[in-house]
Number of protein chains: 2
Amino acid sequence: MKNNIRVERAIKNLTQEELANKVSVSRQTINAMEANKYVPSTVLALKIAKVFNKPVEAIFLLEKSD
Amino acid sequence: MKNNIRVERAIKNLTQEELANKVSVSRQTINAMEANKYVPSTVLALKIAKVFNKPVEAIFLLEKSD
DNA sequence: ACAAAATGTAAAAAATACTTGACATTAAGT
DNA sequence: ACTTAATGTCAAGTATTTTTTACATTTTGT
């Protein structure tokens, strides 16, 4: 699974830490997600999508391998 | 987090097992999700939304407790 | 009423998400 | 060049998701 968090974060001009605070996770969690180290839970995906005012599908993209 | 899987499944007339096969998880995973026993991964949420042709947000709903 | 299909549930194990803390590297501003 | 903010990364630990197996209950069709 791919994600556009870094891009969306740039658009909104947010640091990893600021985003982390907004969605109540650690900064490392955001960092690891951007580095595609793991797939977040749906709760977290919904919260992030909400911060960016976009549907989940616009930020998190399924790949063939999923 | 709430979800409308049972309703969407009824609309599409799918059994838990059929849905489970479509998204490559066990029947118990679908059952437990419907029973709100746990929150699925984003990959699973995306796949389920795709089966139902709806955005993730239409099927999985954040609650205050999230 | 009976049989078969669908659903509920539970426990143990495996896999993965997420935290905390700590330190190293890079980028930005003065 | 210096300082600070931002990001990268790692390791160990906790929490949660998901699988498997197995059996009980409910629903559906005949």
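Just so it is clear, the values below take in all heavy atoms, side chains as well, and ignore hydrogens, waters and symmetry mates. All values derive from a computational prediction rather than experimental measurement. Lettering of chains follows the sequences in order, A, B, ..., and the numbering in each one begins at 1.
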Peer 1: Answer yes or no: is there a donor N or O on one side and an acceptor on the other, between the side chain of B:Asn21 and the main chain of B:Glu18, under 3.5 Å?
Peer 2: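 Answer holds: no.
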Peer 1: Could you tell me if the side chain of B:Ile30 sits less than 4.5 Å from the side chain of B:Val23, heavy atoms only?
Peer 2: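 Yes, side chains in contact.
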Peer 1: Just verifying a value: how many Å separate B:Asn31 CG and B:Arg6 CZ, rounded to the nearest 0.5 Å?
Peer 2: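 Answer rounded to 0.5 Å: 7.0 Å.
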Peer 1: How long is the span from the OG1 atom in B:Thr42 to the CG atom in A:Asn3, to the nearest 0.5 Å?
Peer 2: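 B:Thr42 atom OG1 to A:Asn3 atom CG measures 9.5 Å (nearest 0.5 Å).
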Peer 1: Do the side chain of B:Glu57 and the main chain of A:Val56 share a donor and acceptor less than 3.5 angstrom apart?
Peer 2: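 Yes, because the side chain of B:Glu57 sits within donor-acceptor range (under 3.5 Å) of the backbone of A:Val56.
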Peer 1: Is there side-chain contact between B:Lys54 and B:Asn4, with heavy atoms separated by less than 4.5 Å?
Peer 2: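 Counting from C-beta outward, B:Lys54 and B:Asn4 never come under 4.5 Å.
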Peer 1: Of the residues in residues 7-18 of chain A, which ones touch DNA chain D at a heavy-atom distance under 4.0 Å?
Peer 2: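 Heavy-atom contacts with DNA chain D come from A:Arg9, A:Thr15, A:Gln16.
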Peer 1: Applying the 4.5 Å side-chain criterion to the ILVMFWY set and letting contacts propagate, would B:Val7 and B:Val39 be lumped into a single cluster?
Peer 2: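 In one cluster with B:Val7: B:Val39, no.
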Peer 1: Once rounded to the nearest 0.5 Å, what's the spacing between atom NZ of B:Lys22 and atom CZ of B:Arg9?
Peer 2: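 So the gap between those two atoms works out to 13.0 Å.
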Peer 1: If I compare all heavy atoms of B:Ala49 with all of B:Pro55, which pair ends up nearest, and what's the gap?
Peer 2: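 Minimum heavy-atom separation between B:Ala49 and B:Pro55: CB-C, 4.1 Å.
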Peer 1: Determine whether B:Phe52 and B:Leu14 make a side-chain contact, defined as any pair of heavy atoms from C-beta on separated by less than 4.5 Å.
Peer 2: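 When only atoms from C-beta onward are counted, B:Leu14 and B:Phe52 do touch, with a gap below 4.5 Å.
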Peer 1: Which atoms form the tightest heavy-atom contact between B:Ile59 and B:Leu61, and what is the distance?
Peer 2: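 In this case the closest contact between B:Ile59 and B:Leu61 is O-CD1, 3.8 Å.
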Peer 1: With a 4.0 Å limit, can you tell me whether A:Ser41 has a side-chain N or O closer than that to the phosphate oxygens OP1/OP2 of C:dC18?
Peer 2: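 Answer yes for this pair, as a side-chain N or O of A:Ser41 is under 4.0 Å from OP1 or OP2.
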Peer 1: Between B:Arg27 and B:Thr42, name the one whose nearest nucleotide on DNA chain D is closer to the 5' end.
Peer 2: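 The 5'-side residue here is B:Thr42.
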Peer 1: Taking the side chain as every heavy atom from C-beta outward, state whether B:Met33 and B:Leu44 have any pair of such atoms under 4.5 Å apart.
Peer 2: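 The answer is yes; the side chains approach within 4.5 Å.
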Peer 1: With a 4.5 Å heavy-atom cut-off, do B:Ile5 and B:Leu19 have their side chains touching?
Peer 2: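 In contact.
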Peer 1: First and last nucleotide of DNA chain D in contact with chain B, 5' to 3', at under 4.0 Å to a heavy atom: what are they?
Peer 2: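 In short, chain B contacts DNA chain D from D:dT17 to D:dA22.
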Peer 1: So how far off straight is the helix from C:dA1-D:dT30 to C:dT30-D:dA1, going by the axes through five pairs at either end, to 10°?
Peer 2: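 Inter-axis angle at the termini of the helix from C:dA1-D:dT30 to C:dT30-D:dA1: 70°.
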Peer 1: What is the distance, rounded to the nearest whole Å, between atom CD1 of A:Ile5 and atom P of C:dC18?
Peer 2: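 Computing the A:Ile5:CD1 to C:dC18:P distance gives 11 Å.
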Peer 1: Can you measure from CE (A:Met1) to CD (A:Glu63) and round to the nearest 0.5 angstrom?
Peer 2: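 Nearest 0.5 Å value for the CE-CD distance: 8.0 Å.
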Peer 1: Considering only heavy atoms from C-beta outward, does the side chain of A:Val43 approach that of B:Phe60 to under 4.5 Å?
Peer 2: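 Side chain of A:Val43 against side chain of B:Phe60, heavy atoms only: no contact under 4.5 Å found.
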Peer 1: Among residues 56-64 of chain B, which ones have heavy-atom contacts with DNA chain D below 4.0 Å?
Peer 2: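 Contacting residues: none.
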Peer 1: Report the C-alpha distance between B:Asn53 and B:Lys12 in whole Å, list the side-chain angles of each, state the deciding distance to 0.1 Å, and finish with yes or no for side-chain contact (heavy atoms from CB on, under 4.5 Å).
Peer 2: CA-CA 10 Å; B:Asn53 282 314; B:Lys12 285 254 176 185; 3.7 Å; yes
Peer 1: Nearest 0.5 Å, please: how far is NZ in B:Lys47 from OG in B:Ser24?
Peer 2: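 Spacing of OG (B:Ser24) from NZ (B:Lys47) equals 5.0 Å.
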Peer 1: Going 5' to 3' through nucleotides 24-30 of chain C, assign each nucleotide B (protein heavy atom under 4.0 Å from a base atom), S (under 4.0 Å only from sugar-phosphate atoms) or - (no protein heavy atom that close).
Peer 2: -------
Peer 1: Of all of residues 28-39 of chain A, which get a heavy atom below 4.0 angstrom from DNA chain D, listed by number?
Peer 2: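 Here the set is A:Gln28, A:Asn31.
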Peer 1: Once you round to the nearest 0.5 Å, how far does CG of A:Asn13 lie from CD1 of A:Ile11?
Peer 2: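 Here the interatomic distance stands at 11.0 Å.
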